[in-house]
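Notes for the one structure printed next.
The basis for the numbers below is simple: all heavy atoms, side chains too, and nothing from hydrogens, waters or symmetry mates.
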Amino acid sequence: DGMGFQRGPWGNGGVTYVKNEQKDKKLPATMKVGYYSYAEDKFYEGEFSLPVEKIREYLNEKADDPEYANKKNEESKDGILHKYNRIEVGFTLGGMVVLWMKGEDAQKVLATFTAKEAFPDWKSVFEDSDRKEKVEYGLNNDVYTPKVKNEILTKTLPLDLWKTYDDRFNWNVLVSLPSGGKLENISVKTINAETETLYKADHGDKKRAVPYNIEFFWSLNGKQYNSRIVFGENMNYYNAIYKATKASAREARPADFRQEEVFKNFHQLKPAEPAQLIINVSNDQSLSVSLKQGDQNLAFKSIIAKTFGQ
């Protein structure tokens, strides 16, 4: 219980409700929320039944990393390192509430709910501020990007944006390395705030959202390499992911992923048919990326791709 601000990127910085620990803890069966949406100037409330058995299933799932196979986890009741160990909660426009299962290198959408608009007494929530002043402060002090500010003023906020970001396609990642290269693992981050780390070369086709960041580790001739791909051209966006101290707070991330090349390319796919995101690593460690489905082959031009020796 309590009050606070939800900050940081979508899917990161919410509330932790349960952890996998030695001490027995009853899994949450319900969740009651109330929040104020600054951009909409609206309150939302809701009480929801949680998928308890699904939560239990995720908390019992073992970590995929082969390095952890024989390691003990003294903080866990069963002594095993688990893939997921907590629940993340996010709130967005229109009363949408999203829950993720989260771990060190994995995050997966658990459930979504819709809260209803509420009308509490303003002073019962913000006892030291005036509503009109708070709304005007946000509009007049660079709290919002120019795009969001315009949407607020014209009442065109995209209330269903989360659902669009959660659109899924049947795709996998194929990394082509120089001769003799060995792929260690691939980390895939998608715009619906899911993260998965793949440790097997053949991980099959899977329904995934549009990626915004892919990173993989590989080796060649006894040397270790780390390759990074950010789907966008703004260096400040790259810094926001990898060099937080160098990133400018303003417009560090795309204002609207629907305008990005990666979003447009994936939405040219037929959702039910399998596709491959192909990453080619040349002998000089430079990278090229394309999206292939049947006879369609879409090359990516708006990316930042780097490879580092370890």
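No chain of hydrophobic side-chain contacts below 4.5 Å, direct or via other Ile, Leu, Val, Met, Phe, Trp or Tyr residues, connects V281 to F217. One hydrophobic cluster, built from ILVMFWY side chains closer than 4.5 Å, holds both Y242 and F231.
Ring orientation note: the planes of F43 and W122 are nearly perpendicular, at an angle over 60° on the 30°/60° scale.
Here T190 contributes atom OG1 and D167 contributes atom CG; the two are 12.0 Å apart, rounded to the nearest 0.5 Å. Atoms CG and OH, on L177 and Y225 in that order, are 11.0 Å from each other to the nearest 0.5 Å. Between L110 atom CG and E57 atom CD the span is 10.5 Å, to the nearest 0.5 Å. Here the CG atom belonging to L50 is positioned 6.0 Å from the CG atom belonging to L99, to the nearest 0.5 angstrom. Q224 CD to W218 CH2: the interatomic distance, rounded to the nearest 0.5 Å, is 10.0 Å. Rounding to the nearest 0.5 angstrom, the gap separating the OG atom in S290 from the CG atom in L277 is 7.5 Å.
Here the closest non-hydrogen pair linking G94 and E40 is N-OE2, 3.1 Å. Contact record, F263 with I191: CD1-CD1, 3.9 Å, taken as the closest heavy-atom pair. Nearest approach of V97 to V33, heavy atoms of both residues: CG2-CG2, 4.3 Å. Contact record, G103 with R86: O-NH2, 4.1 Å, taken as the closest heavy-atom pair. The two residues A275 and L269 have their closest heavy-atom pair at CB-CD1, 4.0 Å. Across all non-hydrogen atoms, the minimal contact from L93 to S37 is CD2-OG, 4.1 Å.
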Contacts table for residues 297-310: side-chain donor-acceptor under 3.5 angstrom, sequence neighbours left out:
residue : atom : partner : partner atom : Å
T307    : OG1  : S227    : OG           : 2.8
T307    : OG1  : Q285    : O            : 2.9

Side-chain atoms of residues 151-159: list all donor-acceptor pairs with protein atoms under 3.5 Å, sequence neighbours left out, distances to 0.1 Å.
residue : atom : partner : partner atom : Å
E151    : OE2  : K147    : NZ           : 2.4
T154    : OG1  : N150    : O            : 2.7
T154    : OG1  : T156    : OG1          : 2.8

Output, in order, the C-alpha distance, side-chain angles, deciding distance and verdict of side chain to side chain contact (heavy atoms under 4.5 Å, CB included) for Q276 and L291.
CA-CA 6 Å; Q276 285 186 320; L291 183 61; over 6 Å; no

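Applying the salt bridge (Lys or Arg N to Asp or Glu O under 4.0 Å) test to pairs two or more places apart or on separate chains, those with a residue in residues 223-232 are E215-R228. Each salt bridge (Lys or Arg N to Asp or Glu O under 4.0 Å) pair with one or both residues in residues 172-193, not counting sequence neighbours, would appear here, but there are none.
More than 12 non-hydrogen atoms from other residues, nucleotides or ligands lie less than 6.0 angstrom from CG of N140.
Residues D256 and R258 are paired through a salt bridge, judged by an N-O separation under 4.0 Å between the basic side chain and the carboxylate. Using a 4.0 Å cut-off between charged side-chain N and carboxylate O, E53 and R56 make a salt bridge.
Remark: D284 engages S282, S286 in a side-chain contact (heavy atoms from CB on, under 4.5 Å) (not counting sequence neighbours). Listed by chain and number, the residues in a salt bridge (Lys or Arg N to Asp or Glu O under 4.0 Å) with R168 are D166, E194 (sequence neighbours excluded).
At distances below 3.5 Å, at least one donor-acceptor pair connects side-chain atoms of K123 with backbone N or O atoms of S129. A distance-only check finds a donor-acceptor pair linking the side chain of Q107 to the backbone of A193 [under 3.5 Å]. In this structure a side-chain-to-backbone donor-acceptor pair under 3.5 Å is present from W171 to A209.
Cation-pi contact between K108 and Y84: absent, since separation from the ring centre below 6.0 Å together with deviation from the ring axis within 45° is not met.
Two rings, from Y44 and F91, have their centers 6.0 Å or more apart. Checked against a 6.0 Å centroid threshold, the rings of F169 and H267 count as neighbours.
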